[in-house]
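The structure presented is a predicted model; accordingly, all values stated were derived computationally and were not measured. The figures here come from the full heavy-atom set of this structure, side chains too, leaving out hydrogens, waters and symmetry mates.
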Amino acid sequence: MSTDNTITVKFFARLREELNTESLTVAAGSGLTAGRLLQDLAARGGNWAQLDGAQPVMIAVNQVMTKPDRELQPGDEVAFFPPVTGG
């Protein structure tokens with residue numbers, strides 16, 4: 001198990017394109033949830049503001065779909081992506 005105290009965040013589909021980043025690393029804080037991480041990223045402003053909850057964002061932690069209240073642990077991989085729509 002890694003002693004690294006970070007979380008890897010990945011973005012997919014239009015989020016990756018609009019944020020102009022595929023992934024980043026953030027510090028794992030005590031009590032940090034997936035929803036709080038989303039809010040923290042939205043607070044960066046600019047294109048990041050779209051993560052503020054006005055538009056739905058799907059969340060996966062360690063490749064398992066989850067809800068915003070999921071508490072994150074060091075070493076977790078969090079993925080954010082827009083909902084998939086069919087037609």
Side-chain angles (χ1 to χ4, degrees):
M1 178 169 245
S2 173
T3 58
D4 192 7
N5 197 31
T6 61
I7 295 168
T8 300
V9 183
K10 294 189 174 186
F11 303 95
F12 293 91
R14 73 169 170 75
L15 292 178
R16 179 187 341 208
E17 295 167 12
E18 293 172 6
L19 299 174
N20 198 31
T21 189
E22 183 175 323
S23 67
L24 53 86
T25 302
V26 297
S30 177
L32 180 65
T33 63
R36 179 61 206 212
L37 174 58
L38 208 52
Q39 292 172 352
D40 290 350
L41 293 172
R44 292 179 173 197
N47 285 345
W48 294 93
Q50 68 182 300
L51 301 175
D52 67 359
Q55 297 181 30
V57 175
M58 304 298 290
I59 304 168
V61 176
N62 301 325
Q63 301 181 1
V64 176
M65 297 302 298
T66 193
K67 296 188 184 290
D69 62 356
R70 163 76 185 265
E71 191 166 331
L72 303 175
Q73 303 298 320
D76 278 350
E77 177 186 275
V78 181
F80 294 122
F81 50 97
V84 177
T85 58

Do you know the tightest heavy-atom contact between [X] and [Y]?
X	Y	value
N47	L19	O-CD2, 3.5 Å
R70	V61	NH2-CG1, 3.6 Å
A34	F80	O-CZ, 3.9 Å
T25	T6	CG2-CB, 3.4 Å
P56	P83	O-CD, 3.3 Å

Within-4.5 Å side-chain heavy-atom neighbours: T8 and V26: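 T8 does not reach V26 side chain to side chain.
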
Side-chain touch L38/P68, heavy atoms, less than 4.5 angstrom: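 Result no, sub-4.5 Å side-chain heavy-atom pair not found.
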
Within residues 59-68 or reaching into it, pairs that qualify as side chain to side chain donor-acceptor pair (under 3.5 Å) - sequence neighbours excluded: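 Those involving residues 59-68 are N62-D76.
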
Residue pairs involving residues 30-46 (criterion side chain to side chain donor-acceptor pair (under 3.5 Å); sequence neighbours excluded):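 Qualifying pairs, neighbours excluded: R36-D40.
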
Cluster link F12 to M65, ILVMFWY, side chain under 4.5 Å: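 Yes, F12 and M65 fall within the same hydrophobic cluster.
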
same_hphob_cluster(V57, L24) at 4.5 Å side-chain heavy-atom cutoff: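 Per the 4.5 Å side-chain linkage, V57 and L24 are co-clustered.
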
Worked check of side chain to side chain contact (heavy atoms under 4.5 Å, CB included) between E17 and E22: CA-CA 8 Å; E17 295 167 12; E22 183 175 323; over 6 Å; no

Distance-only donor-acceptor check, side chains Q50 and E18, under 3.5 Å: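 Result is yes, a qualifying pair exists.
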
What is the distance from atom [atom1] of [X] to atom [atom2] of [Y], rounded to the nearest 0.5 Å?
X	Y	atom1	atom2	value
L37	I59	CG	CD1	8.5 Å
I7	L72	CD1	CG	4.5 Å
Q55	L15	CD	CG	8.5 Å

N20, CG atom: more than 12 neighbouring heavy atoms under 6.0 Å: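 No - once you tally the heavy atoms of other residues, nucleotides and ligands closer than 6.0 Å, there are 12 at most.
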
Test: E77 and K10 ion pair at under 4.0 Å: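 K10 and E77: salt-bridged.
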
Within residues 28-77 or reaching into it, pairs that qualify as ring pair (Phe, Tyr, Trp, His ring centres under 6.0 Å) - sequence neighbours excluded: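 For residues 28-77, and leaving out neighbouring residues, the ring pair (Phe, Tyr, Trp, His ring centres under 6.0 Å) pairs sorted by first residue read F11-W48.
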
